[in-house]
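Worksheet: the structure to be examined is printed underneath.
Every chain is numbered from 1, with letters handed out A, B, ... down the list of sequences.
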Protein chains: 2
Amino acid sequence: MSAALSIGEVAEETGVPAKTIRYYEQIGLLPEPARADNGYRVYGARAVDELRFIKRGRGLGFSIADVEALLGLWRDKHRASGDVRALAERHIREIDEKLAELETMRAVLADLVARCHGDERPDCPILESLSSEAPDDCCHHDP
Amino acid sequence: MSAALSIGEVAEETGVPAKTIRYYEQIGLLPEPARADNGYRVYGARAVDELRFIKRGRGLGFSIADVEALLGLWRDKHRASGDVRALAERHIREIDEKLAELETMRAVLADLVARCHGDERPDCPILESLSSEAPDDCCHHDP
DNA sequence: GGTTGACCTTCCAGCGACTGGAAGCATTAG
DNA sequence: CTAATGCTTCCAGTCGCTGGAAGGTCAACC
């Protein structure tokens with residue numbers, strides 16, 4: 001049978017802080033674990049696996065809602081891999097949007113920094129650009 | 001003299017929602033405007049300029065705190081352009097970190113998606129990767 | 001037996017940067 | 001007179017945690 005672990009041991013094992021584990025339980029991402037006589041949470045190997053899954057999903061930038069969906073698909077032995085792939089593809093598109101936005105910002109900033117001599121003199125193209133009369137519809141943002 | 005504008009007109013003029021303008025005032029980013037007899041906020045051209053400045057700074061990804069600092073430097077006629085440049089350079093480094101993180105995520109996801117056939121069959125490298133026994137120290141995150 | 005100290009429990013509050021909504025005046029048009 | 005805007009305030013929610021307070025529990029040490 002699988003070893004019984006306290007929340008601290010699971011935290012140690014998975015690298016997910018105990019506070020975060022309780023939080024995941026609170027929002028329903030993790031099932032409520034069994035309790036020892038003293039009220040302490042008691043976890044098995046399954047919880048460790050699920051937490052590792054969650055941690056990796058979060059590490060790839062999936063939202064909690066997405067991780068919840070992926071966890072559901074993972075538990076479902078009859079899932080279609082197409083569903084998983086669709087979720088991942090949508091996430092890649094979101095990442096691409098953020099990348100494009102950040103790259104635009106970076107390019108504008110790098111240009112401004114290059115044109116700013118950066119000494120004690122007060123004239124500065126960076127501030128001039130931020131306060132100029134030009135239209136500022138340059139940077140698109142999500143709705 | 002400069003035209004007196006209501007909050008709605010300033011919002012229209014700058015593209016910053018009235019709610020956000022009030023929020024900026026509340027957190028001290030914008031000074032409290034004059035009030036008409038009926039209690040309505042009354043703005044001048046200066047507030048419009050400052051809001052445009054803020055909007056552009058936010059559009060370049062600067063935090064509110066950074067925008068506040070930039071606004072201070074902008075108002076200070078004796079500022080050193082080096083201070084502005086240092087702030088912008090630090091921001092570029094933060095953007096570079098986010099870019100690197102997102103690019104790593106994207107690469108991992110793209111690889112997983114490519115290896116997932118994505119049909120009705122349940123076997124899926126994406127889920128396998130999330131649940132594998134391999135160490136998951138692959139993705140670094142900020143402290 | 002007493003007392004640390006490390007662990008566990010609960011609940012509440014805060015981060016950033018807004019955004020939405022409720023409840024209530026002000027002003028203007030019809 | 002009423003309806004439609006627009007303005008005011010304040011409170012709550014978003015997302016994903018994280019910190020802290022106040023207290024219970026357990027093993028070890030003197």
Side-chain angles (χ1 to χ4, degrees), chain A residues 4-30 32-43 47 51 53-71 91 94-95 98 101 105 139 141-143, chain B residues 4-30 32-43 47 51 53-71 91 94-95 98 101 105 139 141-143:
Chain A
L5 299 168
S6 71
I7 196 168
E9 288 163 335
V10 173
E12 179 82 6
E13 191 83 5
T14 61
V16 179
K19 276 221 111 132
T20 305
I21 299 175
R22 286 191 206 101
Y23 169 72
Y24 287 162
E25 178 189 330
Q26 189 197 314
I27 61 170
L29 183 58
L30 280 179
E32 294 187 14
R35 297 281 184 151
D37 290 348
N38 55 15
Y40 288 15
R41 287 169 178 81
V42 178
Y43 296 95
L51 264 168
F53 183 100
I54 292 168
K55 193 191 182 191
R56 288 190 186 127
R58 298 284 302 127
L60 287 174
F62 286 105
S63 68
I64 293 279
D66 280 355
V67 171
E68 198 162 11
L70 288 170
L71 211 42
H91 184 44
E94 289 164 5
I95 288 177
K98 280 190 204 146
E101 202 177 332
M105 287 179 191
C139 311
H141 292 286
D142 357 57
Chain B
L5 300 168
S6 71
I7 195 168
E9 288 162 337
V10 173
E12 179 82 5
E13 192 82 6
T14 61
V16 179
K19 274 222 112 135
T20 305
I21 299 175
R22 285 190 206 101
Y23 169 71
Y24 286 161
E25 178 189 331
Q26 189 196 312
I27 61 171
L29 183 59
L30 280 179
E32 294 186 15
R35 298 281 184 150
D37 290 348
N38 54 15
Y40 288 15
R41 287 168 179 81
V42 178
Y43 297 94
L51 264 169
F53 184 99
I54 293 168
K55 193 191 181 190
R56 288 191 186 126
R58 297 284 302 126
L60 287 174
F62 286 104
S63 68
I64 293 278
D66 281 355
V67 171
E68 198 162 10
L70 288 169
L71 211 42
H91 184 44
E94 289 164 6
I95 288 176
K98 280 189 205 146
E101 202 177 332
M105 288 178 190
C139 310
H141 292 285
D142 356 57

Atom-to-atom span, CD1 of Ile27(B) to P of dT19(C) - whole angstrom
12 Å

For Leu60(A), is there any backbone N or O sitting under 3.5 Å from a side-chain donor or acceptor partner on His91(A)?
yes

Rounding to a whole Å, what distance do you find between Tyr24(B):OH and dT19(C):P?
8 Å

Verify side chain to side chain contact (heavy atoms under 4.5 Å, CB included) between Arg58(A) and Lys55(A), making sure each step is shown before the conclusion.
CA-CA 5 Å; Arg58(A) 298 284 302 127; Lys55(A) 193 191 182 191; 5.9 Å; no

Find the distance Glu32(B):CD to dT8(D):P and express it as a whole number of Å.
12 Å

Can you confirm whether Glu12(B) is buried at CD, in the sense that more than 12 heavy atoms of other residues, nucleotides or ligands lie under 6.0 Å from that atom?
no

How many Å lie between CG on Leu29(B) and C1' on dA17(C), as a whole number?
11 Å

Interatomic distance, OH@Tyr24(A) vs CD@Glu68(A), rounded to 0.5 Å, equals 11.5 Å

Starting at atom CD1 of Ile64(A), determine the distance to atom P of dG13(D), rounded to an integer number of angstrom.
19 Å

Which parts of nucleotides 7-12 of chain C does protein reach within less than 4.0 Å, heavy atoms only, written one letter per nucleotide 5' to 3' as B for base, S for sugar-phosphate only and - for none?
BSBB--

ring-ring contact (aromatic ring centres under 6.0 Å, His included) partners of Phe53(A), counting only residues at least two apart:
Trp74(A)

Report yes if at least one side-chain N or O of Thr20(A) is closer than 4.0 Å to OP1 or OP2 of dG16(D); otherwise report no.
no

Got Ile54(B) and Val16(B) here, is their nearest side-chain heavy-atom distance under 4.5 Å?
no

Pick base, sugar-phosphate or nothing for Phe62(B), based on heavy-atom distances below 4.0 Å to the nucleic acid.
nothing

Protein-nucleotide distance (Tyr23(B), atom OH; dT9(D), atom C1'), rounded to Å:
17 Å

Could you state the CD1-P distance from Ile21(B) to dT9(D), rounded to the nearest angstrom?
13 Å

Glu25(B) CD to dT19(C) C1', in whole Å, measures 17 Å

